[in-house]
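The structure under discussion appears below in the form of structure tokens.
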Amino acid sequence: MHVHIDRVFTTVSRNLGLEDFTRHTNSWIEWAYEAEKLIGSRDTFVQKEATYDSTGAQASGTITFAANPTSGDSITLNGVELYFKTANNWGEAKSPNEFKIDSTLALTLSDTATHPYGLLQSLKGFTGTSTSPMTGSKPGQSAVLYYPEALNIADYTVDTSAGTLTITAKEIGSNGNDYTLASDNANAKVSGLSLTGGKGIYRNQQITLPEDNIKLLGVRVGTDDSDYEHVELRKTSAVHRGRVGKKTDDSEQRAFRYYVDGNRLNIQHDNLDEITIVYLAYPKDVRGWPMIKEGHETAVAQYIMWQMKLIEFYNGNLPQYITKDLEKRWYFLCGKARGDDSMPTTEELKQIGNMWNTLVPITNDRGAGLIDF
């Protein structure tokens with residue numbers, strides 16, 4: 001599990017007595033990323049896949065409503081929880097993440113000018129011109145305007161006859177697959193935990209590795225066609241000359257080799273339909289900021305404080321022994337984080353116990369020798 005970097009920032013600002021740390025944010029983000037790479041233990045990063053073809057594709061997903069929501073029901077789009085409320089229960093502040101439940105599902109989801117407070121209108125920025133029937137509400141209170149980093153990266157359409165909200169990433173590529181979906185409404189079914197189908201573009205025998213790539217683990221070629229055998233290659237540092245993606249009856253062979261040069265993966269293939277890479281990535285939030293592995297917060301905060309005080313030392317404003325103490329503390333916490341991550345989980349300990357028990361000789365009731373069967 002990973003937590004938002006803001007938790008670390010709060011710790012650092014408290015420990016250093018900073019009331020406003022915003023001017024340090026860029027440096028702190030960079031140092032937090034460095035600290036996580038230095039810890040580099042199990043589960044610090046996440047394993048992801050990215051697929052590429054000749055045209056690319058935008059990720060998409062749906063939420064299908066079987067009936068009109070009831071007051072208090074909600075859906076969650078990319079981490080933003082959106083509530084459906086009746087006129088009587090709509091908050092006095094007319095929150096931008098609350099939507100009016102109208103007389104029919106079609107009107108609740110509406111984007112018509114006469115019903116500007118439907119779900120779609122709020123996601124599109126309230127393009128309607130009429131006033132709301134609820135006193136005091138303002139068209140400017142739009143979800144997409146209040147949560148642009150989370151919601152403005154996708155386009156939204158509604159099929160009122162089918163009761164379906166469709167979300168489509170604005171950009172081509174696999175990043176759209178990170179847009180999450182959820183629902184606590186029994187009548188609203190999500191198509192998946194996130195958008196799917198986002199693909200990057202493969203051009204000129206090469207692809208650009210994702211920005212969040214830490215380490216390339218493997219490459220797979222070919223489409224999902226069951227007629228073809230696919231091989232996932234793990235030795236990413238070597239040039240591969242084997243023929244993969246071949247038909248199961250060996251009637252068609254496909255030559256394939258690749259190598260990594262900087263942030264590009266160079267590929268040679270005589271008939272490439274699709275290529276998928278498997279890689280370690282640093283998890284990030286909707287702002288694009290790195291997230292921190294749970295349990296690493298104290299170590300990462302210590303690294304940031306050490307780097308902050310090093311600047312004062314270099315400027316001649318701080319004794320060296322303070323920076324040395326901070327350095328020693330960082331190395332201790334870094335090692336502790338690695339050790340904690342390497343400890344077996346409860347289930348793993350049970351498995352270890354079961355394996356150990358199979359190695360213990362079975363004795364008779366007198367405690368000596370094996371039982372004769």
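Hydrophobic clustering, with ILVMFWY side chains joined whenever heavy atoms are under 4.5 angstrom apart, groups V278 together with Y282. Using a 4.5 Å cut-off between side-chain heavy atoms of Ile, Leu, Val, Met, Phe, Trp and Tyr, with links allowed through other members, L318 and Y303 fall into the same hydrophobic cluster.
Salt bridge D178/K284: absent, no basic N to carboxylate O contact under 4.0 Å. Classification of K336 and D340 as a salt-bridged pair holds, one side-chain N sitting under 4.0 Å from a carboxylate O. For E34 and K37, the salt-bridge test fails: no basic side-chain N is under 4.0 Å from an acidic carboxylate O.
Every residue meeting the side-chain contact (heavy atoms from CB on, under 4.5 Å) condition with N15, not counting sequence neighbours, appears here in chain and number order: T11, M305. With sequence neighbours excluded, no residue forms a ring pair (Phe, Tyr, Trp, His ring centres under 6.0 Å) with Y331. Applying the side chain to side chain donor-acceptor pair (under 3.5 Å) criterion to S161, with sequence neighbours excluded, gives D159. Considering only residues two or more places apart in sequence or on other chains, Y279 meets the ring pair (Phe, Tyr, Trp, His ring centres under 6.0 Å) condition with none of them. Applying the ring pair (Phe, Tyr, Trp, His ring centres under 6.0 Å) test to F9 and every residue at least two apart in sequence or in another chain returns F21, W28.
Within the structure, ring pair (Phe, Tyr, Trp, His ring centres under 6.0 Å) pairs that include any residue of residues 51-82 comprise F65-F84 (at least two apart or interchain).
When the options D73, L109, T108 are evaluated for a side chain to side chain contact (heavy atoms under 4.5 Å, CB included) with N68, the one that passes is T108.
Formation of a donor-acceptor pair under 3.5 Å by the T62 side chain with backbone atoms of T64 is not found in this model.
The two atoms that bring H2 and M291 nearest to each other are O-CE, 3.7 Å, heavy atoms only.
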Check your understanding: When you look at D6 and R287, which way does the salt bridge (charged side-chain N to carboxylate O under 4.0 Å, His left out) test go after all the steps?
Key -> CA-CA 12 Å; D6 306 76; R287 301 168 295 184; 2.6 Å; yes

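For the atom pair I5 CD1 and E297 CD, the distance stands at 11.0 Å (nearest 0.5 Å).
Counting non-hydrogen atoms of neighbouring residues, nucleotides and ligands closer than 6.0 angstrom, the NZ atom of K170 exceeds 12 such neighbours.
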